[in-house]
Amino acid sequence: MKTNLRFRNSILYIKIDGVLVGNKVQQFESEVIPIILGLKTKYVTINLKNVELIDKRGIDSLIKIADLTNRFKGKVALCELSKYIIDNFKHSDIFDYCFKTKNENTSLEVFKL
(Lines give C-alpha, C1' and ligand atoms only; values in the text may rest on other atoms or scores of the structure.)
Protein backbone atom coordinates (compact mmCIF):
# COMPACT_ATOMS: atom_id res chain seq x y z
CA MET A 1 0.00 0.00 0.00
CA LYS A 2 1.15 3.50 -0.81
CA THR A 3 -0.34 6.63 0.71
CA ASN A 4 0.04 10.03 -0.90
CA LEU A 5 -0.71 12.97 1.42
CA ARG A 6 -0.96 16.64 0.56
CA PHE A 7 -2.36 19.59 2.44
CA ARG A 8 -3.91 22.41 0.43
CA ASN A 9 -6.38 25.16 1.34
CA SER A 10 -7.02 23.69 4.82
CA ILE A 11 -7.90 20.26 3.35
CA LEU A 12 -5.85 17.11 3.83
CA TYR A 13 -5.98 15.09 0.62
CA ILE A 14 -5.20 11.39 0.99
CA LYS A 15 -4.80 9.06 -1.97
CA ILE A 16 -4.48 5.36 -1.26
CA ASP A 17 -2.97 2.96 -3.77
CA GLY A 18 -3.16 -0.78 -3.14
CA VAL A 19 -4.91 -2.58 -0.32
CA LEU A 20 -6.36 -1.36 2.96
CA VAL A 21 -6.50 -4.61 4.93
CA GLY A 22 -4.83 -6.24 7.92
CA ASN A 23 -1.48 -4.73 8.90
CA LYS A 24 -1.75 -2.18 6.07
CA VAL A 25 -4.50 -0.50 8.10
CA GLN A 26 -2.10 0.06 10.99
CA GLN A 27 0.49 1.49 8.57
CA PHE A 28 -2.14 3.81 7.08
CA GLU A 29 -3.30 5.05 10.48
CA SER A 30 0.27 5.63 11.70
CA GLU A 31 0.85 7.90 8.70
CA VAL A 32 -2.44 9.80 8.74
CA ILE A 33 -3.66 10.13 12.33
CA PRO A 34 -0.65 12.11 13.68
CA ILE A 35 -1.11 14.63 10.87
CA ILE A 36 -4.82 15.05 11.56
CA LEU A 37 -4.24 15.48 15.28
CA GLY A 38 -1.14 17.64 14.91
CA LEU A 39 -2.73 20.07 12.46
CA LYS A 40 -6.22 19.78 14.00
CA THR A 41 -7.42 19.00 10.50
CA LYS A 42 -11.12 19.63 9.94
CA TYR A 43 -11.43 18.58 6.32
CA VAL A 44 -10.14 15.35 4.79
CA THR A 45 -10.71 14.03 1.27
CA ILE A 46 -9.80 10.39 0.77
CA ASN A 47 -9.40 9.21 -2.83
CA LEU A 48 -10.10 5.49 -3.11
CA LYS A 49 -9.77 5.19 -6.89
CA ASN A 50 -6.74 2.88 -6.72
CA VAL A 51 -7.80 0.77 -3.74
CA GLU A 52 -7.77 -2.83 -4.89
CA LEU A 53 -9.01 -4.44 -1.69
CA ILE A 54 -10.59 -3.19 1.53
CA ASP A 55 -11.86 -5.17 4.51
CA LYS A 56 -13.80 -4.37 7.69
CA ARG A 57 -10.64 -3.09 9.40
CA GLY A 58 -10.04 -0.74 6.47
CA ILE A 59 -13.61 0.55 6.61
CA ASP A 60 -13.38 0.97 10.39
CA SER A 61 -10.17 2.96 9.87
CA LEU A 62 -11.96 5.40 7.56
CA ILE A 63 -14.69 5.79 10.18
CA LYS A 64 -12.02 6.38 12.82
CA ILE A 65 -10.58 9.21 10.73
CA ALA A 66 -14.07 10.71 10.41
CA ASP A 67 -14.46 10.54 14.19
CA LEU A 68 -11.13 12.35 14.63
CA THR A 69 -12.08 15.17 12.27
CA ASN A 70 -15.42 15.42 14.03
CA ARG A 71 -13.50 16.45 17.16
CA PHE A 72 -12.60 19.60 15.25
CA LYS A 73 -16.13 19.96 13.83
CA GLY A 74 -14.89 18.70 10.48
CA LYS A 75 -15.91 16.29 7.75
CA VAL A 76 -14.47 13.49 5.63
CA ALA A 77 -15.28 13.07 1.95
CA LEU A 78 -14.63 9.79 0.15
CA CYS A 79 -14.21 10.11 -3.59
CA GLU A 80 -13.69 8.10 -6.77
CA LEU A 81 -15.38 5.02 -5.37
CA SER A 82 -15.27 1.96 -7.61
CA LYS A 83 -18.16 -0.48 -7.85
CA TYR A 84 -16.10 -2.88 -5.71
CA ILE A 85 -15.68 -0.29 -2.95
CA ILE A 86 -19.34 0.69 -3.03
CA ASP A 87 -20.34 -2.98 -2.79
CA ASN A 88 -18.10 -3.40 0.28
CA PHE A 89 -19.54 -0.28 1.88
CA LYS A 90 -23.15 -1.53 1.53
CA HIS A 91 -22.90 -3.64 4.67
CA SER A 92 -21.35 -0.88 6.77
CA ASP A 93 -22.52 2.40 8.23
CA ILE A 94 -19.63 4.37 6.73
CA PHE A 95 -21.90 6.91 5.06
CA ASP A 96 -23.24 7.86 8.48
CA TYR A 97 -19.74 9.22 9.12
CA CYS A 98 -18.33 10.14 5.69
CA PHE A 99 -19.67 11.92 2.64
CA LYS A 100 -19.53 10.40 -0.83
CA THR A 101 -18.29 12.71 -3.59
CA LYS A 102 -17.47 12.19 -7.23
CA ASN A 103 -13.92 13.53 -7.07
CA GLU A 104 -11.56 15.73 -5.07
CA ASN A 105 -12.96 18.93 -6.56
CA THR A 106 -16.55 18.14 -5.59
CA SER A 107 -15.47 17.55 -1.99
CA LEU A 108 -15.20 21.33 -1.70
CA GLU A 109 -18.99 21.47 -1.95
CA VAL A 110 -19.29 19.12 1.05
CA PHE A 111 -16.92 21.28 3.07
CA LYS A 112 -18.62 24.47 1.87
CA LEU A 113 -15.27 26.06 1.08
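Computed from heavy atoms alone, side chains included, the values below leave out hydrogens, waters and symmetry copies.
- Hydrophobic clustering (ILVMFWY, side-chain heavy atoms < 4.5 Å, transitive): Leu48 and Val25 are in one cluster.
- A donor-acceptor distance shorter than 3.5 angstrom exists from the side chain of Asp55 to the backbone of Gly58, with no hydrogens or angles considered.
- Under the rule for a side-chain contact (heavy atoms from CB on, under 4.5 Å), the partners of Asp87 that lie at least two apart in sequence or sit in another chain are Lys83, Lys90.
- The structure places NZ of Lys42 at 8.0 Å from OG of Ser10, a figure rounded to the nearest 0.5 Å.
- Thr101 contributes atom OG1, which lies 9.0 Å from atom CG of Leu108 (distance to the nearest 0.5 angstrom).
- Rounding to the nearest 0.5 angstrom, the gap separating the CG atom in Asp67 from the CD1 atom in Ile36 is 11.0 Å.
- Tested against Asp60, the residues Lys64, Arg57, Lys56 include a single side chain to side chain donor-acceptor pair (under 3.5 Å) partner, Lys56.
- In the hydrophobic clustering of this structure, Tyr43 does not group with Val76; members are Ile, Leu, Val, Met, Phe, Trp, Tyr whose side-chain heavy atoms approach within less than 4.5 Å, directly or through other members.
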Q: Given salt bridge (charged side-chain N to carboxylate O under 4.0 Å, His left out), test Lys49 with Glu104 step by step and report yes or no.
A: CA-CA 11 Å; Lys49 180 180 182 179; Glu104 292 178 358; over 6 Å; no
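- Between Ser61 and Glu29, the side chains place a donor N or O and an acceptor N or O closer than 3.5 Å (distance only, hydrogens not considered).
- The shortest heavy-atom contact between Leu5 and Glu31 is CD1-O, 4.1 Å.
- Annotation: the span from Leu20 atom CG to Glu52 atom CD amounts to 11.5 Å, rounded to 0.5 Å.
- A 6.0 Å sphere centred on CD of Gln27 holds more than 12 heavy atoms belonging to other residues, nucleotides or ligands.
- Under the 4.5 Å side-chain heavy-atom criterion for Ile, Leu, Val, Met, Phe, Trp and Tyr, Leu68 and Phe28 are members of the same hydrophobic cluster.
- The nearest pair of heavy atoms linking Val44 to Phe111 is O-CZ, 3.4 Å.
- Residues Ile16 and Asn47 form no side-chain contact, since every pair of their non-hydrogen atoms from C-beta on lies 4.5 Å or further apart.
- When all heavy atoms are compared, the tightest approach of Lys75 to Phe99 is CD-CE1, 3.7 Å.
- Distance alone, capped at 3.5 Å, is enough to place a donor-acceptor pair between the Asn103 side chain and the Thr106 backbone.
- Between Leu39 and Leu12 the shortest side-chain heavy-atom distance does not fall below 4.5 Å.
- Taking 4.5 Å as the limit, every side-chain heavy atom of Cys79 sits out of range of all side-chain heavy atoms of Ile46.
- With a 4.5 Å cut-off on side-chain heavy atoms, Phe89 and Ile59 count as touching.
- How far CD1 of Ile94 is from CD1 of Ile54: 6.5 Å, rounded to the nearest 0.5 Å.
- Atom CD1 in Ile14 sits 5.0 Å away from atom CD1 in Ile65 (nearest 0.5 Å).
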Q: Assess whether side-chain contact (heavy atoms from CB on, under 4.5 Å) is satisfied between Leu78 and Lys100, documenting all intermediate values.
A: CA-CA 5 Å; Leu78 305 174; Lys100 176 182 166 185; 5.7 Å; no
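- Residue pairs meeting the ring-ring contact (aromatic ring centres under 6.0 Å, His included) criterion with at least one partner in residues 50-86, sequence neighbours excluded, do not occur; the list is empty.
- Under the 4.5 Å side-chain heavy-atom criterion for Ile, Leu, Val, Met, Phe, Trp and Tyr, Tyr97 and Val110 are members of distinct hydrophobic clusters.
- The distance between the ring centers of Tyr13 and Phe7 does not fall below 6.0 angstrom.
- Between Ile63 and Asp93, some side-chain heavy-atom pair lies under the 4.5 Å cut-off.
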